[in-house]
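Okay, structure first, notes after.
For the numbers below, each heavy atom of this structure counts, side chains included, while hydrogens, waters and symmetry mates do not. Nothing here was measured: the structure is a model prediction, and the numbers come from that model. Index from 1, following the sequence.
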Amino acid sequence: MKENIIIKPYLRLAGLEPLVVRPETNFVNVGERTNITGSKKFARLIKENKYEEALSVARQQVENGAQILDVNMDDALLDGEKAMTTFLNLIQSEPDIAKIPIMIDSSKFNIIEAGLKCVQGKCIVNSISMKEGVDKFIEQAVICRSYGAAVIVMAFDEKGQADTMKRKVEISQRAYEILTKQVGFDPQDIIFDLNIFAIATGLEEHNNYAVDFIEATRIIKQKYPLVKISGGVSNLSFSFRGNEPVREAMHSVFLYYAIKAGMDMGIVNAGQLVVYDEIEPSLRELCEDVILNKHNDNNEATEKLIAFAETVKGKEKEEKKDEAWRSTSVEERLKHALINGITEYIDEDTEEARLKYPKPLDVIEGPLMAGMNVVGDLFGSGKMFLPQVVKSARVMKKSVAVLTPYIEEEKKQNLLKFPDKEGEQTEKRVAKILLATVKGDVHDIGKNIVGVVLGCNGYDIVDLGVMVPADKIFDAAKKENADIIGLSGLITPSLDEMVHVAREMKRLNFNVPLLIGGATTSRMHTAVRIAPEYEHGVLHVLDASRSVTVVGSLLSKDQKPGLLKTINAEYAKLKEDFANKKTTKQYLSFEKSQQNKVKIDWDNFSPIKPKFTGTKIFDNYSLGEIAKYIDWQPFFIAWEMHGKFPQLLSDDKIGKEATKLYNDAQALLKKVIEQKWLTARGVVGFWPAVASEADTVEIQESSTSVVKLEFLRQQIKKAADQPNISLADFIAPKESGKQDYIGAFSVTILGIEKHIDAFMKENDDYNKIILQALADRLAEAFAELLHEKVRKELWGYANDEALSNEDLIKEEYSGIRPAPGYPACPDHTEKYKLFNLLGGKEATGITLTESLAMHPASSVSGWYFANPESKYFGVGKIEKDQVEDYARRKQMSVEEIERWLRPILEYDI
């Protein structure tokens, strides 16, 4: 008899990967730049029929942390249905974009319905309403539900938009009853947009709009706790446009009260927010008077706010140092230092506590752990952010370092006094978690952050580092008596290594849970490939904040069985869905996809010859010059702080801590540059090249040496005017008679190890992780700098280019630099050819691991294509006929090729 599994009623969305909006999900980021009314670049590309290029906008949204992608094609001069269909179909062939859920956004339902036919997984429809009557509303809702979509419902009926609390509640209740009882919607799949209107307009009838929204939100969430509430926050302050300090304050005050009432999501300019507690008190009071309508519909509050507005415009915020906490008890001082990451007094406060408590261990188990418990609670509730937690860990480690010699001395004295009772000198056992980046992979920033966060929650962390073979993991787990094993990986070959580790854990009779994490991992892969290999609990952990809850449950005798039962049921369902998936995608035969290559008029194109052929080394390049090209957004993503830079520095939730982190990073970067902590080395090379076959490029390395590069081609069936792209399409074919060229590059940042070791000796995880993240940013910035130098000087095909750093980040330049192992050329094994051409380790300073990760980890490499038609794209899924042809061209077995290309295979192996 099949056991009934209770699935909790969360909003569950999915692209290629699931997104479950749980109560602890603080905020869901919706990427809005693929909205034709919200991005000039996106609108231009769509109107010019450059859909492949428009995918770069979507990809950038995903890379910047968007968890849902909003797509809108509403334009009077555009065929909206065709545009929506074309773009969404293209997205589905890009796994790195299609992994997140889609929000199909349109005021025209025919466009929404066209979009629903294209997306996989579970999407959101934005939006439906009763403005055209109940029958139309039900008809549209039934269609949305038939496609499995969640819906945003506007507070709008036959009488118009709801502008009062009563109307908002009435319309929402009416819509809820219809959707749940007549249409069959689950409550958690309903999102109400309750309409936020402008206040302080001078019209008394507008004065209660904010109160109406807040109170309607409270009533609806009390009555229907599973629904979500949304709204456009920027509308609120429309009458103060141009006066940013007032708008910032109004938005923050409104959100403070609206979120407490139950608001879940909202559209607001992140650059127009300020931390509620930091609003100038008089301004905050006036904003509250207006937003909460404390003067009962007269315009007194509005007039006072208008009069006060000019007095706050442009005022600088001053940060005053508050030392009042120094006069409290030593326990309170330690707690304050831990919560605020203050190391300035930690040595003296720890010593004072040591003298006060009977044993030095009592200080750790008492005030220090009490303080860290507060940190853990604040982080878990979303009131502290990752950089703060890492600072707290630094304080904890420094305090423990003061106490450690006394603890060791006490143990020694006890053994001298009671030599026969050595076995009794054991301390209360702390749960031990073993972490490792798997064999062949060198990336560990994410793992380091997880280790710090778990350490802050009282667990003993054993970090084995990077490139750790399976047998070393097992030996260490047995030696340390580990309670949980955690694996991390960034590159795709690491996925197979994780499967191997799980399989071996079963063979060796391990019975501890296995955690899976890292950029290349996913819940789906864990469920389908890893979990079936090991029966004692395999869990995918999305980020550091989730790890605390998961680990706590796994180590609880009461909670562990229930958690594993739920996870096993979810994974079994994911595995079943994966096995039974019915794709609506169609694929061309490899031969037909080759016939549908990019059409370039080679007769009227003359390739530009680079200034030299062969290689050129750039050693000890100026870090100061490289730093100008840094893209800071991924730096914050590494710290789990999502949003667009620099707007996130003024975000209402994370802005204050993001600014502190940014300032600390800038200070350390200055030290790195001035004291020459790190060395930058780059290599650039150019060679004559022709496309000798449809997907093969021949490089004339020398008069006697020819190197063949093999590329992969998109096979998904596309619209009639859309090509199936291969990188080989951008090199002149041999039969054209044109001499073309190709380039290659590598960059690396050397010398980080001794500084990492120094920070570790100082128990300073915070600066260690900042330095690692900065090294990664410098490597990417160096790649950007060299590419610009290539375009303007070394190859010179765009010598009149004049782009800002923002333009470079948006990839507005001509030509591309795709990297082996990434979407346009997903085969890592082509790196062997790239590094041989560049001169190997001696020239590049880079070694390749057995999984073809680059070491040092802060390294970037790729090809240069100069053709103006070249563009970034993803190969997507490929069929067996292409795999067999690719194996033939590379002179490798089909089985070996399938191992390297497993993530993009359309078929099972």
Legend entry - Heavy-atom pair of closest approach, residues Val875 and Pro826: CG2-CD, 3.8 Å
Inset, instruction - Tell me, please, which residues at least two apart from Leu495 pass side-chain contact (heavy atoms from CB on, under 4.5 Å). - result: Thr520, Thr521, His525
Legend entry - Mutual orientation of the aromatic rings belonging to Tyr864 and Phe745 [parallel < 30°, tilted 30-60°, perpendicular > 60°]: parallel
Legend entry - Minimal non-hydrogen separation, Pro18 against Arg523, with atom names: CG-CD, 3.4 Å
Legend entry - Contact summary for Ser858 and Asp776, nearest pair of heavy atoms: OG-OD1, 2.7 Å
Legend entry - Derivation of the side-chain contact (heavy atoms from CB on, under 4.5 Å) call for Leu19 and Ile100: CA-CA 8 Å; Leu19 172 65; Ile100 70 172; over 6 Å; no
Inset, instruction - Can you establish whether the number of heavy atoms outside Phe618 located under 6.0 Å from its atom CZ is more than 12? - result: yes
Inset, instruction - Grab the two heavy atoms, one from Ala98 and one from Gln120, that are nearest each other, plus how far apart they are. - result: CB-NE2, 3.8 Å
Inset, instruction - Mind telling me whether Trp639 and Phe635 have parallel, tilted or perpendicular rings, with 30° and 60° as the class edges? - result: tilted
Inset, instruction - Would you indicate whether the side-chain heavy atoms of Leu712 and Phe590 approach each other to under 4.5 Å? - result: no
Inset, instruction - Check whether any side-chain heavy atom of Ile749 lies under 4.5 Å from a side-chain heavy atom of Pro856, and answer yes or no. - result: no
Inset, instruction - May I ask you to test the Arg507-Glu533 pair for a side-chain heavy-atom distance under 4.5 Å? - result: no
Inset, instruction - Could you tell me which residues satisfy salt bridge (Lys or Arg N to Asp or Glu O under 4.0 Å) with Asp881, sequence neighbours excluded, listed by chain and number? - result: none
Inset, instruction - Verify whether one side chain among Ser522 and Lys99 offers a donor that lies under 3.5 Å from an acceptor in the other. - result: no
Legend entry - Shortest non-hydrogen contact between Ala665 and Ile770, atoms and distance: CA-CG2, 4.0 Å
Inset, instruction - Please test Glu784 against Arg817 for salt bridge (Lys or Arg N to Asp or Glu O under 4.0 Å), starting from the C-alpha separation and ending with a verdict. - result: CA-CA 9 Å; Glu784 196 73 79; Arg817 58 171 192 274; 3.1 Å; yes
Legend entry - pair Leu539-Leu563: side-chain heavy atoms closer than 4.5 Å: yes
Legend entry - Nearest heavy-atom neighbours spanning Leu454 and Ile461: CB-CD1, 3.7 Å
Inset, instruction - For Arg681 and Asp619, run salt bridge (Lys or Arg N to Asp or Glu O under 4.0 Å): C-alpha distance rounded to whole Å, both residues' side-chain angles, the deciding distance at 0.1 Å, then the answer. - result: CA-CA 5 Å; Arg681 180 185 294 181; Asp619 202 8; 3.3 Å; yes
Legend entry - Side chains of Ser56 and Tyr872 in contact at under 4.5 Å (non-hydrogen atoms): no
Legend entry - Side chains of Tyr886 and Asp827, donor plus acceptor under 3.5 Å: yes
Inset, instruction - Give a yes or no on whether a salt bridge exists between Lys754 and Asp757, defined as a side-chain N under 4.0 angstrom from a carboxylate O. - result: no
Legend entry - Under 3.5 Å side-chain donor-acceptor pair for Ser861 and Ser746: no
Legend entry - Minimum side-chain heavy-atom gap Tyr534-Glu504 below 4.5 Å: no
Inset, instruction - Answer yes or no: is there a side-chain heavy-atom contact under 4.5 Å between Glu94 and Ile716? - result: no
Legend entry - Enclosure of Lys575 NZ (heavy-atom neighbours >12, cutoff 6.0 Å): no
Inset, instruction - Test Arg889 against every option in Glu830, Glu884, Glu710 by the salt bridge (Lys or Arg N to Asp or Glu O under 4.0 Å) rule and name the one that passes. - result: Glu710
Inset, instruction - Give the intermediate values and the outcome of side-chain contact (heavy atoms from CB on, under 4.5 Å) for residues Asp496 and Arg899. - result: CA-CA 8 Å; Asp496 286 338; Arg899 185 174 73 82; 3.7 Å; yes
Inset, instruction - State, with a plain yes or no, whether a side-chain heavy atom of Leu514 is found less than 4.5 Å away from one of Met505. - result: yes
Inset, instruction - Over 60° means perpendicular and under 30° means parallel, so classify the ring planes of Trp677 and His755, tilted if in between. - result: parallel
